[in-house]
Structures are given as C-alpha cells and as structure tokens.
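Here is the structure we will look at, set down as structure tokens.
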Amino acid sequence: MKKIIFILLICAAYKLSFAQLNISNNAPQSQAVTNPAMVIQVGQRKLEVMANLRALPLGNSKYQLISSDSAYSSGVYGVAYDHTQKAYVFLTGDISFKLLNNSGLSAIPSNISLRSKLLTSPSTYVFNVSSPADVVNLFNQLKSSPAVEWAEVFTVQGVVGP
C-alpha cells in the first residue's frame with residue numbers, strides 16, 4: 001500500500017512540474033529614447049527607428065541584431081524599439097497609406113527615394129524604402145499630408161534570439 005501511495009505521489013509531482021511557468025530572460029526592459037529625430041508615432045505606439053541596427057531572421061520568430069548600415073531587403077530587416085510594448089519590432093521598409101478621394105500621387109513629396117510603388121486598391125498604396133531615415137521621413141510626411149487619410153508602417157513581431 002505504501003508503494004502505491006508513493007508511486008501516486010511521484011506521478012502527481014511529475015505532472016505538476018509541467019505546470020510551472022517559465023519566465024523568459026527576454027523580459028521587457030524599458031529603454032530611454034536615444035534619438036528623438038528617429039521616433040514615429042504609429043497609432044498608440046511610439047517607435048524609435050534604429051539607424052545603425054539591422055536584424056537577421058534566425059527562424060521561429062527569432063532575430064539576431066547586427067550593427068550595420070546596409071539597405072533593408074528580404075533577408076535584412078530594419079530594427080525599431082517599441083517604447084509602448086517595450087520590445088523590438090522589425091521593419092520591412094514597407095509603408096502603406098490611403099489617399100483621400102480625388103487626391104493623386106502628386107500630393108506626395110518626391111524627395112524620398114522609393115524602391116517600389118504598388119497600388120493595392122483605388123487610392124491605397126504600398127511604398128517600399130530601403131533606409132531608416134527614409135522610413136521616418138516618408139511616414140512623417142504621409143501623416144502630415146492633408147491628402148492622406150491614414151498611413152501605416154509594416155512591422156514584424158519577433159524576439160531577439162541568441
């Protein structure tokens with residue numbers, strides 16, 4: 001009888017060990033704004049675009065941060081720190097926006113170097129830029145333009161991995 005109770009206690013302890021919470025070492029850390037000129041307000045989120053950081057995908061939503069000035073591409077993402085969520089987000093370089101009725105692309109400033117333009121539906125566009133400064137400049141110009149109804153920066157969620 002003692003053996004049966006002992007075995008049942010061991011089994012119960014074994015099953016309870018799986019119910020423990022694993023607290024990640026990547027707990028959100030608050031970070032002060034390092035470059036106010038590179039901060040953009042996306043809805044309720046405050047993103048600081050990092051000028052000299054890029055992210056390489058490692059798989060399973062993990063990214064490795066590297067110090068680089070290279071252009072954004074399919075294998076190299078931009079990096080921004082989300083001060084609202086206290087986490088890094090990764091930038092593709094894509095910015096979508098919708099023009100108000102009867103507005104044309106001539107309402108958009110031409111001093112930004114675009115890699116591509118894509119019309120997704122009438123009055124809705126996706127522009128692709130290749131540098132952190134272009135992301136900040138284009139997004140701020142779109143947000144302040146009276147011809148633009150809304151603008152959104154494409155971000156990819158993930159964690160900084162080893």
Side-chain angles (χ1 to χ4, degrees), residues 19-100 103 105 107-162:
Q20 294 177 358
L21 293 175
N22 292 327
I23 298 176
S24 171
N25 289 339
N26 291 336
Q29 299 292 321
S30 185
Q31 181 174 314
V33 172
T34 56
N35 187 353
M38 295 297 282
V39 174
I40 56 176
Q41 190 75 33
V42 182
Q44 300 297 319
R45 297 167 49 195
K46 182 172 143 182
L47 299 179
E48 181 179 2
V49 180
M50 303 297 176
N52 296 321
L53 278 181
R54 300 295 181 270
L56 301 175
L58 298 174
N60 295 329
S61 297
K62 289 187 179 179
Y63 295 84
Q64 177 184 358
L65 298 182
I66 59 170
S67 179
S68 173
D69 291 330
S70 63
Y72 299 168
S73 67
S74 61
V76 179
Y77 291 92
V79 178
Y81 185 78
D82 186 336
H83 289 277
T84 307
Q85 295 180 352
K86 298 180 181 151
Y88 286 103
V89 294
F90 307 101
L91 307 173
T92 63
D94 294 328
I95 298 174
S96 61
F97 64 96
K98 182 174 183 179
L99 294 172
L100 292 172
S103 296
L105 279 182
I108 304 304
S110 60
N111 60 344
I112 300 292
S113 61
L114 300 173
R115 287 197 297 190
S116 63
K117 299 176 190 177
L118 172 67
L119 175 66
T120 60
S121 68
S123 305
T124 305
Y125 296 85
V126 177
F127 283 0
N128 183 272
V129 295
S130 62
S131 75
D134 286 344
V135 168
V136 172
N137 291 338
L138 178 60
F139 183 76
N140 286 335
Q141 288 180 8
L142 290 171
K143 290 291 280 189
S144 64
S145 173
V148 174
E149 183 176 336
W150 55 262
E152 184 71 31
V153 175
F154 281 40
T155 61
V156 178
Q157 301 295 321
V159 295
V160 176

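Note that this is a predicted model, so its numbers are computed, not measured. Position 1 is the first residue of the sequence, and the numbers go up from there.
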If we check side chain to side chain contact (heavy atoms under 4.5 Å, CB included) with Tyr63, which of these qualifies: Val79, Val159, Val160, Val156? Val156
dist Lys98:NZ -> Leu142:CG (nearest 0.5 Å) comes out at 15.0 Å
Straight-line distance of Ile95 CD1 to Asn128 CG, nearest 0.5 Å: 9.0 Å
What's the separation between atom CG in Asp82 and atom NZ in Lys46, rounded to the nearest 0.5 Å? 10.5 Å
Going by atom types only, do Glu48 and Thr34 share a side-chain donor-acceptor pair under 3.5 Å? yes
Taking atom CG as the centre, does Asp69 end up with more than 12 heavy-atom neighbours from other residues, nucleotides or ligands that are less than 6.0 angstrom away? yes
Identify the heavy atoms of Lys143 and Ala151 that sit nearest to each other, and give their distance. CD-CB, 4.0 Å
Straight-line distance of Ser67 OG to Leu53 CG, nearest 0.5 Å: 6.5 Å
side-chain contact (heavy atoms from CB on, under 4.5 Å) for Asp94 and Phe127? Distances and angles first, verdict last. CA-CA 6 Å; Asp94 294 328; Phe127 283 0; over 6 Å; no
When you look at Tyr72 and Leu91, which way does the side-chain contact (heavy atoms from CB on, under 4.5 Å) test go after all the steps? CA-CA 8 Å; Tyr72 299 168; Leu91 307 173; 3.9 Å; yes
Any donor-acceptor pair under 3.5 Å from Asn137 side chain to Ala133 backbone: yes
Counting distance only, does the side-chain N/O of Asn35 pair as donor-acceptor with the main-chain N or O of Ala37 below 3.5 Å? yes
Calculate, to the nearest 0.5 Å, the distance between atoms OG1 and CG belonging to Thr84 and Leu47 respectively. 7.5 Å
Could you tell me which non-hydrogen atom of Pro132 sits nearest to which non-hydrogen atom of Ala51, and how far apart they are? CG-O, 3.6 Å
Does the Arg54 side chain pair with the main chain of Ser70, one donor and one acceptor, at a distance under 3.5 Å? yes
Might you work through the side-chain contact (heavy atoms from CB on, under 4.5 Å) test for Arg45 and Thr155, ending with a clear yes or no? CA-CA 12 Å; Arg45 297 167 49 195; Thr155 61; 3.8 Å; yes
Where do Gly75 and Leu56 come nearest, in terms of heavy atoms and distance? O-CD2, 3.6 Å
Donor-acceptor pair, Ser144 side chain versus Asn140 backbone, under 3.5 Å? yes
Would you please indicate yes or no on a ring centroid separation below 6.0 angstrom for Phe97 and Phe139? no
At what distance, to the nearest 0.5 angstrom, does CD of Gln157 lie from CZ of Phe90? 9.0 Å
Locate the shortest heavy-atom distance separating Ser96 from Val126; write the atom from each residue and the value. CB-CG2, 4.0 Å
